[in-house]
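All remarks here apply to the structure that follows.
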Protein chains: 2
Amino acid sequence: MTKEPDRLPARKLKSLQTRMKLLAAGSDIFIKEGFQKATISQIIKKAETGYGTAYVHFKNKDDILIVLMDDVMNRFYDIAEFSFEPNTKVEAYGIIEKQVSAFLEMANEERKILKVVEEAIGVSEEVRKKWQTIRERFIERISRDVAFAQKNGLARRDVDCTLVARGWFYANEMYLWDIVRNDRDLLVNDVVHNLTAMYTGGLYIQ
Amino acid sequence: MTKEPDRLPARKLKSLQTRMKLLAAGSDIFIKEGFQKATISQIIKKAETGYGTAYVHFKNKDDILIVLMDDVMNRFYDIAEFSFEPNTKVEAYGIIEKQVSAFLEMANEERKILKVVEEAIGVSEEVRKKWQTIRERFIERISRDVAFAQKNGLARRDVDCTLVARGWFYANEMYLWDIVRNDRDLLVNDVVHNLTAMYTGGLYIQ
DNA sequence: AGAGTCAATGACACCATGTCATTGACAATG
DNA sequence: CATTGTCAATGACATGGTGTCATTGACTCT
């Protein structure tokens with residue numbers, strides 16, 4: 001590679017700063033007001049820009065949140081990619097517990113932004129689609145893990161791996177939102193243990 | 001009881017008819033347009049009433065849908081009240097399968113209105129609360145069933161009955177919305193079998 | 001017949017959105 | 001340096017939905 005001039009477009013830089021100010025303000029306003037109550041006017045006021053400026057940088061309110069979601073999204077992707085190659089039931093239990101734990105701990109850590117995201121999923125088609133890709137990524141991955149366990153004789157074969165994966169993820173996801181909301185004061189560890197125990201062993205004896 | 005005059009308030013009757021026209025129109029418009037896109041103007045136009053009339057009978061758009069939800073809600077309550085007194089694991093499996101089946105079949109039958117409800121849950125605080133009461137009713141009931149099975153030595157005792165109930169209902173609920181949306185072409189019977197099998201027996205062998 | 005009640009009405013004030021013509025600072029060119 | 005081009009920024013505006021309220025007029029009661 002030859003020397004890239006590394007141009008310093010003074011105007012482009014100012015533009016980037018404006019964009020950042022809008023994102024920072026968006027984050028504050030979304031967290032304070034919630035997704036629906038937040039308005040473009042509030043955001044541009046906090047960012048100290050003109051009204052139209054928001055529309056120069058973003059398509060609309062949804063678009064601002066989608067950009068803000070990006071970090072969290074990537075953390076989810078990382079968790080989805082946990083490797084899974086157990087040789088025993090106990091080993092499987094351990095891996096699964098670790099993954100569930102990571103998933104739900106994130107609910108705690110990113111509670112503020114996820115609260116907004118949850119609301120936005122219900123309101124904005126765009127945000128819903130974005131979340132849907134996360135969900136399908138998890139389910140597809142879990143599906144493969146179940147199939148792996150079935151092939152190795154660890155798991156029963158009279159169930160469909162994609163249906164199992166979906167149901168399992170759904171329970172996890174709903175607990176995620178529960179923790180984000182923090183209505184009930186759930187202890188993450190209890191949830192993790194119960195979910196994992198039920199998933200691997202079922203409720204009934206024998 | 002003495003003879004009630006059974007007054008026929010001619011004006012009250014007219015009023016009731018207006019209310020019914022609004023509800024019928026509301027149902028049509030909600031189903032055709034979805035909850036967010038539907039407007040009061042569309043509804044009153046279809047009902048052939050004045051704009052303000054809608055606000056005489058209902059607090060707002062949410063309120064109209066909540067009244068429309070009522071039938072479906074009652075059917076949900078009925079399903080939640082299924083009796084549960086199994087003596088064996090096989091018997092328990094049968095009862096649970098029947099309840100899940102009734103729950104998910106309703107998704108098919110009431111698909112149109114439930115599609116609107118799902119959207120409205122995301123948008124309207126009021127509707128969300130209404131659905132929340134359904135959910136808690138199910139969870140509370142399932143909780144008792146789990147405790148019953150634990151007391152009778154049918155179910156393992158190292159799990160918390162309310163956490164189990166919640167996770168179990170969450171998986172069911174998400175499949176309900178899946179079926180309502182009808183994205184994937186799911187066979188209800190397959191879903192029922194997989195859910196019930198996993199719940200009662202777990203994924204792993206032994 | 002007259003007074004009272006109440007369902008119905010639509011004009012109105014309010015508010016948020018997204019667009020667009022205009023501005024002015026900076027960049028590129030000769 | 002002067003001239004022309006580009007592009008981020010701006011806010012006034014058109015649009016469209018909401019909920020309110022003063023007014024109307026049909027019905028009820030005495």
Side-chain angles (χ1 to χ4, degrees), chain A residues 4-26 29-30 32-67 116 119-120 122-127, chain B residues 4-26 29-30 32-67 116 119-120 122-127:
Chain A
E4 269 289 315
D6 222 32
R7 350 231 229 91
L8 315 176
R11 196 166 28 164
K12 213 87 182 178
L13 189 128
K14 203 85 187 155
S15 168
L16 262 204
Q17 284 176 342
T18 313
R19 185 189 157 90
M20 304 277 270
K21 275 201 295 183
L22 281 166
L23 284 174
I29 298 292
F30 280 143
K32 194 199 291 182
E33 304 286 343
F35 185 73
Q36 289 194 86
K37 273 196 67 191
T39 68
I40 298 288
S41 298
Q42 287 173 304
I43 294 173
I44 59 105
K45 193 175 164 191
K46 180 142 213 166
E48 295 173 307
T49 73
Y51 186 86
T53 313
Y55 289 90
V56 171
H57 292 276
F58 305 97
K59 223 178 90 237
N60 50 32
K61 209 169 74 170
D62 307 21
D63 196 29
I64 299 180
L65 182 61
I66 285 178
V67 174
V116 179
E119 193 193 344
V123 180
S124 152
E125 188 59 33
E126 318 251 355
V127 176
Chain B
E4 271 288 315
D6 222 31
R7 350 230 231 89
L8 314 176
R11 197 167 27 166
K12 213 88 182 178
L13 190 127
K14 203 80 188 160
S15 168
L16 262 203
Q17 285 176 341
T18 312
R19 186 188 156 89
M20 304 278 268
K21 276 201 295 182
L22 281 166
L23 283 175
I29 298 293
F30 280 144
K32 194 199 289 185
E33 304 285 343
F35 185 73
Q36 288 195 85
K37 272 197 68 189
T39 68
I40 299 287
S41 299
Q42 288 174 304
I43 294 174
I44 59 104
K45 193 175 164 190
K46 180 144 212 164
E48 294 173 308
T49 75
Y51 187 85
T53 313
Y55 288 91
V56 171
H57 292 276
F58 306 96
K59 223 178 91 239
N60 49 31
K61 210 169 72 172
D62 307 21
D63 196 29
I64 299 179
L65 181 61
I66 285 177
V67 174
V116 179
E119 194 194 344
V123 180
S124 153
E125 189 58 35
E126 318 252 353
V127 176

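Below, chains carry the letters A, B, ... as their sequence lines are ordered, and counting in each starts from 1.
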* Indicate yes or no: at least one non-hydrogen side-chain atom of I44(B) is less than 4.5 angstrom from one of T53(B). => no

* Asked: D62(A) CG to dT17(C) C1': how many Å, rounded?
  -> 12 Å

* Who passes salt bridge (charged side-chain N to carboxylate O under 4.0 Å, His left out) against E48(B), sequence neighbours left out? -> none

* Is the phosphate of dT10(D), meaning OP1 or OP2, less than 4.0 Å from a side-chain N or O of T53(A)? -> yes

* Asked: How many Å lie between CD on Q17(A) and C1' on dA25(C), as a whole number?
  -> 15 Å

* dA8(C) phosphate, OP1 or OP2: any side-chain N/O from T18(B) under 4.0 angstrom? -> yes

* Nearest-Å distance, CG (L22(A)) to P (dA9(D))? -> 8 Å

* Of the nucleotides dT18(D), dT17(C), dT9(C), which one has an atom closest to the side chain of V56(B)? -> dT9(C)

* Going by heavy atoms in the side chains, are R19(B) and V67(B) under 4.5 Å from each other? -> yes

* Looking at dG17(D), dG19(D), dT28(D), which one has an atom nearest to any side-chain atom of N60(B)? -> dG19(D)

* Whole-Å gap separating C1' (dG19(D)) and CD1 (I64(B)) -> 13 Å

* Measure across G26(A) and I43(A) and return the closest heavy-atom pair with its distance rounded to 0.1 Å. => N-CG2, 3.8 Å

* Structure fact -> From CG of L16(B) across to C1' of dC6(C) the rounded distance in Å is 14 Å

* Structure fact -> Closest to the side chain of Y55(B), out of dT20(D), dT28(D), dC7(D), is dT20(D)

* Asked: Are any of the side-chain heavy atoms of F35(B) and K61(B) separated by less than 4.5 Å?
  -> yes

* Interface with DNA chain D, restricted to residues 45-52 of chain A and to heavy atoms under 4.0 Å -> T49(A), G50(A), Y51(A), G52(A)

* Shortest side-chain distance from S15(B), nucleotide among dC7(D), dA7(C), dA9(D) -> dA7(C)

* **Rounded interatomic separation in angstrom, taking CD1 from I40(A) and P from dC13(D)** => 20 Å

* Quick one: are K59(A) and E126(A) in side-chain contact, heavy atoms under 4.5 Å? -> yes

* In whole Å, what is the span from the CD atom of Q36(B) to the P atom of dG16(D)? -> 18 Å

* Asked: Separation of Q42(A) atom CD from dC15(C) atom P, in whole Å?
  -> 12 Å

* To do: Answer whether the closest heavy-atom distance between the side chains of I66(A) and F58(A) falls below 4.5 Å.
  => no

